[in-house]
Amino acid sequence: MTLIPEIKPNQSIELLKELHILTRDGKLNQDSRRKLKQVYHLVNFIEPLFNDVLTGNPDPVLVDHGAGKSYLGFILYDLLLKQLEAGQVIGIETRAELVERSRLLAAQLGFGRMHFEHLTVEESISSPVIPERVDIVTALHACNTATDDAIQFGLKKRARYMVLVPCCQAEVAEVLRKRKNESFGKTPLSEIWRHPIHTREFGSQITNVLRCLQLESAGYSLTVTELVGWEHSMKNELIIARYTGQPRKNAQDRLDAILGELNLGELQHRFTA
């Protein structure tokens, strides 16, 4: 079969069919083309981080937190790990049926160093089946607080890199909405989220700002950019965190000040490193 130009030459066609990115007759429709482009863009960001890890550790551990159907984990393994003699990809997911499906697919493809665990975030931090050392944590379109779960996991494991594409941040917006009347008397900034559509959009924006400050306060340096063009996805922010061990001096103070100013104090625990 002639390879489709968008597909990387060493990519498993069988994998792409099983992930329903390719049709059974090997074709790529418009929707799956967008999905593949997003994942490949993310792989392009992750590959140099992975190679950096390899320079000091020939047995890297990559954890995909809130893995869902594990599109990203499978493609990372296929493109970056399967040709190596060591290294593993671990998918963590709370939905048992998705974990079992991914296990079966990994066995079918012969991806022997891919593992999938049915664990909550708390369990994943302390579970003996997860290595103490984790090099890269990824979370692709992990909905709402699932991104925060991935961050907490990465912080506890002292991951060298975290690569996050947040999605559907509703928690902060809900607190803004709940305390809207109280906030009107507290700060003129409440005008920013007075209208429901602004509440939603500002809540999403401020969630990622708080996440960035949380990571910086824990000793990570950040790159914040877009994953792909906005015509492909509206959930498009990409946060890449690299552990340096040098916290930004005022990050926690600014985080606390924002929580106070925006009447979000009840979320302090969520954004504590």
Side-chain angles (χ1 to χ4, degrees), residues 8 10-21 35-36 38-121 123-125 127-142 146-147 149-151 153-154 156-165 238 240-243:
K8 293 182 182 293
N10 55 339
Q11 180 81 74
S12 166
I13 299 302
E14 183 184 359
L15 170 63
L16 295 183
K17 287 181 179 180
E18 291 295 333
L19 295 178
H20 303 293
I21 290 175
K35 185 182 299 182
L36 186 65
Q38 287 184 55
V39 175
Y40 274 176
H41 267 279
L42 195 52
V43 171
N44 289 339
F45 281 107
I46 293 172
E47 186 172 12
L49 313 182
F50 181 78
N51 290 336
D52 180 52
V53 169
L54 275 180
T55 61
N57 177 18
D59 188 17
V61 177
L62 190 154
V63 173
D64 188 19
H65 213 289
K69 295 180 181 178
S70 297
Y71 285 90
L72 178 60
F74 275 111
I75 289 178
L76 286 171
Y77 186 93
D78 192 30
L79 294 178
L80 302 182
L81 274 90
K82 71 179 180 184
Q83 73 277 16
L84 303 178
E85 294 182 359
Q88 59 181 310
V89 172
I90 302 172
I92 296 174
E93 173 57 46
T94 58
R95 289 166 288 183
E97 69 278 8
L98 296 184
V99 171
E100 184 58 27
R101 186 185 305 172
S102 294
R103 286 173 177 168
L104 291 173
L105 180 55
Q108 175 184 329
L109 295 169
F111 288 1
R113 287 175 283 113
M114 279 199 86
H115 310 286
F116 300 91
E117 304 298 340
H118 177 217
L119 299 168
T120 65
V121 60
E123 291 167 343
S124 69
I125 289 169
S127 173
V129 302
I130 306 297
E132 281 300 313
R133 176 173 178 174
V134 168
D135 297 289
I136 300 175
V137 175
T138 63
L140 174 59
H141 292 161
T147 298
D149 293 342
I151 291 172
F153 174 85
K156 295 295 184 183
K157 293 293 186 180
R158 196 62 63 84
R160 186 164 177 179
Y161 291 101
M162 291 190 230
V163 182
L164 312 166
V165 182
L238 171 64
I240 299 175
R242 179 174 69 89
Y243 184 70

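What you see is a predicted model, and the numbers here were worked out from it, not measured in a lab.
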Practice item. List for me each residue that meets ring pair (Phe, Tyr, Trp, His ring centres under 6.0 Å) alongside Phe45, sequence neighbours excluded, and say none if there are none. Key: none

Exercise for review: Please report the shortest heavy-atom distance between Leu19 and Ile75, naming the atom on each side.
Suggested key: CD1-CG1, 4.3 Å

Point to revise | Pairs where residues 60-74 contributes a residue and the test salt bridge (Lys or Arg N to Asp or Glu O under 4.0 Å) is met, not counting sequence neighbours | key: none

Output side-chain donor-acceptor pairs under 3.5 Å for residues 79-89, partner residues at least two apart or in another chain, one line each.
unit_1, atom_1, unit_2, atom_2, d
Lys82, NZ, Asn10, O, 3.4
Lys82, NZ, Asp78, OD1, 2.5
Gln83, NE2, Leu80, O, 3.2

Review point. Any idea which heavy atoms bring Pro48 and Asn44 closest together, and the distance?
Key: CD-O, 3.1 Å

Exercise for review: Without swapping roles, check the side chain of Ser127 against the backbone of Ser124 for a donor-acceptor pair under 3.5 Å.
Suggested key: no

Check your understanding: Is it the case that more than 12 heavy atoms not belonging to Glu97 sit under 6.0 Å from its CD atom?
Key -> yes

Study note, to complete from the structure: Residue set satisfying side chain to side chain contact (heavy atoms under 4.5 Å, CB included) with Ser70, at least two apart, ordered chain then number -> Ala67, Phe74, Ser102, Phe116

Revision key, fill the gap. Residues at least two apart in sequence or cross-chain that pass side-chain hydrogen bond (donor to acceptor under 3.5 Å, both in side chains) with Glu100, listed by chain then number, are none

Check your understanding: Rounded to the nearest 0.5 Å, what separation is found between the CD atom of Gln108 and the CG atom of Leu15?
Key -> 9.5 Å

**Study point:** Worked check of side-chain contact (heavy atoms from CB on, under 4.5 Å) between Leu16 and Leu36
**Key:** CA-CA 9 Å; Leu16 295 183; Leu36 186 65; 4.2 Å; yes

Practice item. Search all heavy atoms of Tyr243 against all heavy atoms of Ala159 and return the closest pair with its distance. Key: CB-O, 3.5 Å

**Study point:** Selection residues 43-63 - residue pairs positive for salt bridge (Lys or Arg N to Asp or Glu O under 4.0 Å), sequence neighbours left out
**Key:** Asp52-Arg160

Check your understanding: Arg101: what forms a salt bridge (charged side-chain N to carboxylate O under 4.0 Å, His left out) with it, not counting sequence neighbours?
Key -> none

**Study point:** Partner residues of Glu18 under the salt bridge (charged side-chain N to carboxylate O under 4.0 Å, His left out) criterion, sequence neighbours left out
**Key:** Arg24

Exercise for review: Mind checking ring pair (Phe, Tyr, Trp, His ring centres under 6.0 Å) for Tyr71 and listing every partner two or more places apart, or none if nothing turns up?
Suggested key: none

Review point. What are the two closest heavy atoms between Ala150 and Met162, and how far apart are they?
Key: O-SD, 4.3 Å

Study note, to complete from the structure: Residue set satisfying salt bridge (charged side-chain N to carboxylate O under 4.0 Å, His left out) with Arg133, at least two apart, ordered chain then number -> Asp135

**Study point:** Which atom of Glu117 lies closest to which atom of Val99, heavy atoms considered
**Key:** O-CG2, 3.9 Å

Check your understanding: When rounded to the nearest 0.5 angstrom, what distance separates CD1 in Ile130 from CD1 in Ile90?
Key -> 4.5 Å

**Study point:** Point-to-point distance, once rounded to the nearest 0.5 Å, from CG of Leu109 to CD of Glu14
**Key:** 5.0 Å

**Study point:** Spacing of CG belonging to Leu49 relative to OG1 belonging to Thr138, to within rounding of 0.5 Å
**Key:** 11.0 Å

Exercise for review: Examine distances only and state if a side-chain atom of Gln11 and a backbone atom of Lys8 form a donor-acceptor pair shorter than 3.5 Å.
Suggested key: no

Check your understanding: Just how far is it from atom CG of Asn51 to atom CD1 of Ile46, taken to the nearest 0.5 Å?
Key -> 12.0 Å

Practice item. Check whether any side-chain N or O of Glu93 sits under 3.5 Å from a backbone N or O of Gly68 as a donor-acceptor pair, and report yes or no. Key: yes

**Study point:** Residue pairs, two or more places apart or on separate chains, that pass ring pair (Phe, Tyr, Trp, His ring centres under 6.0 Å) and touch residues 76-101
**Key:** Tyr77-Phe111

Practice item. Apply side-chain contact (heavy atoms from CB on, under 4.5 Å) to Phe50 and Leu76, showing your working. Key: CA-CA 10 Å; Phe50 181 78; Leu76 286 171; over 6 Å; no

